[in-house]
Amino acid sequence: MSLPFLFLLVLVIILSYSTVSSSQSVLTQGSSLFVENKLDQLVSPNRLYTAGFHQTGRNAYFFAIWFTQPMLDGNHTLVWIANRDEPVNGKRSKFSLEKTGNLVLTDASRRIWTSETNSNSRLHLQLLDSGNLVLTSINNKSYIWQSFSFPTDTILPNQPFTKDTTLTSSRSLTNFSSGFYKLYFDNDNVIRLLYNNDEITSVYWPVPWLVASAAGRSTYNNSRSALLDSKGLFVSSDSYTFTTSDYGQNLRRRLTLDVDGNIRVYTLSQRRWIVSWQAITMTCTIHGICGPNSLCTYSAESGRTCSCMHGYKAKNHSDSSLGCVPTFDFTKNGENYDFIRLPFVEFYGFDSNWNPRSTFNECMKACLDDSNCKAFQFNFDQGFGSFVCYYKTLLYNGFYKGTRFNTYLKLPKSDVLSYTDQKVVNKSKLECSTSVIEIKRPYDKKSTNGSLKFMLWFSIILGGIEVLCFLFFYYITKKPSPTTTQTYLAIATGFKRFTYDEIVKASRSFKEEIGRGGGGIVYKGVLPDDRVVAIKRLHDAFQGEAEFLAEMSTIGRINHRNLIETYGYCVEGKHRILVYEYMENGSLAENLLGANQLDWRKRFEIAIGVAKGLAYLHEECLEWVLHCDVKPHNILLDADYNPKVADFGLSKLFHQDSTQDSAFSRIRGTRGYMAPEWVFNLPITSKVDVYSYGMVVLEMITRENRLTRDQATDYSEQKRLVSWIREKVHEASESLKETQIMEVLDPVMEEEFEKIEMKNLLRVALQCVEEDKDARPTMSEVVKMLLDKDC
Ligand SMILES: *[C@@H]1O[C@H](CO)[C@@H](O)[C@H](O)[C@H]1NC(C)=O
Ligand SMILES: *[C@@H]1O[C@H](CO)[C@@H](O)[C@H](O)[C@H]1NC(C)=O
Ligand SMILES: *[C@@H]1O[C@H](CO)[C@@H](O)[C@H](O)[C@H]1NC(C)=O
Ligand SMILES: *[C@@H]1O[C@H](CO)[C@@H](O)[C@H](O)[C@H]1NC(C)=O
Ligand SMILES: *[C@@H]1O[C@H](CO)[C@@H](O)[C@H](O)[C@H]1NC(C)=O
Ligand SMILES: *[C@@H]1O[C@H](CO)[C@@H](O)[C@H](O)[C@H]1NC(C)=O
């Protein structure tokens, strides 16, 4: 054997040895993981988690922990990052456990991150089955350092969230550096969400206009800790708890503060993350979501959009979270200003002043005279019984809130004149902040020491400013007394808390009953301001004032033309009462039975309206507000026969006591409209509402409708009906004979319907009542299919 060959053999052995040794489970003192070696990773004994270098951009790497198994799209889900704000180079970077017991991440010779630990005893680093990366003392097994104490934007099941930890969202879906949102335990022991950019800080969860106790939080337990377990139960020491929608099984989960400022719990299912809980149902109410001077809109079709108001333009078209800037110069003196009205729009917060008894002209004059006033709001407030004027110095958190809100935007006269087309916003639309920002980080050169120093000072100063802002903010939020926050609830939401006496008076001691069901009896009433209302008295079974209030804060913010508007509620002693708008034409059920038959056009419009309402609940709320009891009795018709869905948001209140008696009360919904999931004990998703919707539409247009209503149909009967219709429709399309379709249709509408629309509606309804929930469309797909004239 020649010498070179021997040399080569030794080299091969050394190389292969080093790769074998690198897929290790512990890192010992004095050794390192190298970025160049793809196999330099620590893997947890159950192989669920991996720690190592993860590529984030061209030549840019994180030291991170991720789920070993990639998702369906091939990407890994990161759960922890050491150096999120400063990725390292793809060459000569390493992660070392030094002899002194310090963990250090270096880029060439520059220290990017350290754990700042030291110890005389023998240590090693290992990744546990829980996803915790721990530096352990070998003698006594205690942890010197652990990644669980320094979360990034995610906590894993059984990872304690404490007063010393915060979650900070990522900047965007592809840029993992620290973003604008923080989850933390506040000084008053309440767990909160905060929006924080260079200009403002603003708490938005729990809702800022409620005192902590009204939001169901307790300020008394100062242990300040929270935990999500692997079954899906979250318990926090401020008495905030929730269970995920799939609570009960030990599943792979994570709780993440997402890019959009919402906290969500995700469950891993077939290599995809499914949202099983989220904190905020209406994402336009998250503060700062569109940046300054921008308006957030939500539609089932296009999701959330940020747009600039007339007179403003996008700061950066590729990043809507930066908001908009004026196209004119606000500081210029002598400029002539005027106002345009933005109907239904509110900008939350940043009122320099407010005035409960001023006229519109006084309000406008005061804003004109104040050079810091960018807009004013002039809304009727029931609490004061008069209009209230608010002067806005900053325009943040703008969204369409409801009919009682009006914002008047201050603009130069020339811009007001050019505002002709009644469009609120400048046509230039922005992408949502979830739009993907590409990472290109040329990182080949070491930065010089001078700029490093500058960066260091810069971040220290920035940190100082942040602390000051925070203290300032804390000082102002502490000040308002409970009474002012209560009135602000009314002002901000137009949603009122009634006393029981007021309710008794309005309903004339519950004299006129107009309906039953959905957990209570409904009475007609008249409010002191002459509004006619429906008053629903819930049965005594619902309880828990905190849960009720939490649910009310959700319901109170839901606003859509096809959902019934809730004016307020009453919670006093054992009374739980809801006050809704009154609907002149009663329920769809009554109208289908009544002599005054609905014509085809009305039925078609009702089908579309109901679909839009449900789509809004499902999509905006990401499956969280499930209706669970869609039926003709819950679809109400106003004077113009516009449908509005009622009784949404109550299913969760039922759910509270269903934990005690799950076999009995698990079945919600109503016979005749009930999805097979209820019957076969399968997971409940938004598709149960899709199913019920399909049944309602079939009932509306087919001649079999009497069957579902007159007999107490059980599930097999319901199935028989569906397959009969399906057969007829199939036969008709096979034989191309229209007459066979006529056989299934309600004779009342004969001859007057439009064939194409009718066939489309029938087809969509049949798709909605598929046995397999995955074969059913989502509600927003239903809306699209119904509006699409071509099919
Ligand atoms: C997955 O990674 C690819 C690039 O590797 C990227 O283009 C894509 O956007 C990622 N998908 C998600 C959902 O982040
Ligand atoms: C374990 O050993 C380390 C290092 O010697 C020491 O700092 C720590 O206090 C010990 N912990 C316990 C529980 O004895
Ligand atoms: C405070 O909260 C913790 C964690 O939820 C709980 O274990 C503890 O019992 C609470 N203490 C009091 C006094 O309620
Ligand atoms: C609307 O935005 C565009 C571009 O962003 C800008 O050029 C235009 O001046 C804006 N319109 C008004 C009326 O401000
Ligand atoms: C907008 O943001 C992107 C990404 O952050 C940046 O590359 C671009 O230069 C910005 N554009 C402007 C006009 O500031
Ligand atoms: C990621 O976001 C940070 C913070 O806003 C920004 O400084 C950085 O330039 C962004 N990186 C890229 C590649 O856009």
Side-chain angles (χ1 to χ4, degrees), residues 54-62 64 78 81 83-90 112 152-153 155 157-165 168-182 185-192 195-201 212-213 216-229 231 233-243 255 257-261 288-292 315-323 431-445 447 451-452 454-456 458-459 461-463 465-466 546:
H54 182 273
Q55 183 158 15
T56 174
R58 198 171 63 87
N59 198 34
Y61 287 79
F62 290 137
L78 303 185
I81 305 173
N83 55 322
R84 68 189 305 187
D85 291 316
E86 198 172 358
V88 295
N89 209 318
I112 302 292
T152 311
D153 62 357
I155 56 172
N158 302 315
Q159 173 173 1
F161 186 77
T162 67
K163 62 180 190 307
D164 301 319
T165 52
T168 306
S169 64
S170 292
R171 188 63 184 76
S172 76
L173 283 181
T174 49
N175 183 346
F176 292 88
S177 33
S178 305
F180 297 129
Y181 296 99
K182 274 195 169 58
F185 270 106
D186 210 339
N187 297 357
D188 63 353
N189 303 324
V190 171
I191 193 166
R192 291 207 157 88
Y195 170 72
N196 178 9
N197 70 5
D198 292 347
E199 193 178 28
I200 64 158
T201 59
S213 60
R217 306 299 185 88
S218 142
T219 54
Y220 303 115
N221 189 334
N222 62 5
S223 63
R224 286 191 242 165
S225 66
L227 194 79
L228 173 73
D229 72 14
K231 286 203 163 110
L233 169 69
F234 180 91
V235 178
S236 161
S237 59
D238 66 355
S239 76
Y240 183 74
T241 72
F242 66 80
T243 51
L255 180 151
L257 175 53
D258 278 329
V259 174
D260 66 356
I289 189 104
C290 288
K315 190 160 181 193
N316 184 331
H317 282 277
S318 56
D319 187 356
S320 69
S321 64
L322 297 174
E431 296 294 300
C432 251
S433 69
T434 47
S435 66
V436 172
I437 296 173
E438 199 184 316
I439 284 204
K440 285 207 202 81
R441 183 177 277 261
Y443 206 80
D444 306 59
K445 292 239 167 65
S447 63
S451 78
L452 183 67
F454 169 74
M455 287 295 282
L456 193 67
F458 183 70
S459 56
I461 291 167
L462 206 69
I465 292 172
E466 190 175 309

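For ligands, and for the atoms within them, numbers begin at 1 and follow the listed sequence. Sequence positions, counted from 1, serve as the residue numbers for this chain. Computed from a predicted structure; not experimentally measured.
- Between Phe176 and Phe62, the ring planes are perpendicular. Angles over 60° get that label, and only those under 30° would be called parallel.
- Ligand 6 has no N or O atom lying under 3.5 Å from any N or O atom of Ser178, backbone or side chain.
- Considering only heavy atoms from C-beta on, Thr168 comes within 4.5 Å of Arg84 through its side chain.
- Residue Asn221 places at least one N or O, backbone or side chain, under 3.5 Å from an N or O of ligand 3.
- Under a 3.5 Å cut-off, the side chain of Thr152 and the backbone N or O of Ile81 do form a donor-acceptor pair.
- From the protein, the heavy atom lying nearest to atom 5 (O) of ligand 3 is Ser237 CA, 3.8 Å.
- Side-chain contact between Arg217 and Ser236 is absent, with no heavy-atom pair separated by less than 4.5 Å.
- Close contacts of ligand 3 with Ser223, meaning ligand atoms under 4.0 Å from a residue heavy atom, involve 1 (C), 2 (O), 3 (C).
- Inside a 4.0 Å radius of atom 9 (O) of ligand 3 there is not any protein heavy atom.
- Using modelled atom types, one side-chain atom of Asp229 and one backbone atom of Leu233 make a donor-acceptor pair closer than 3.5 Å.
- In summary, the atoms of ligand 6 found under 4.0 Å from a heavy atom of Ser177, numbered by their order in the structure, are 1 (C), 2 (O), 3 (C), 4 (C).
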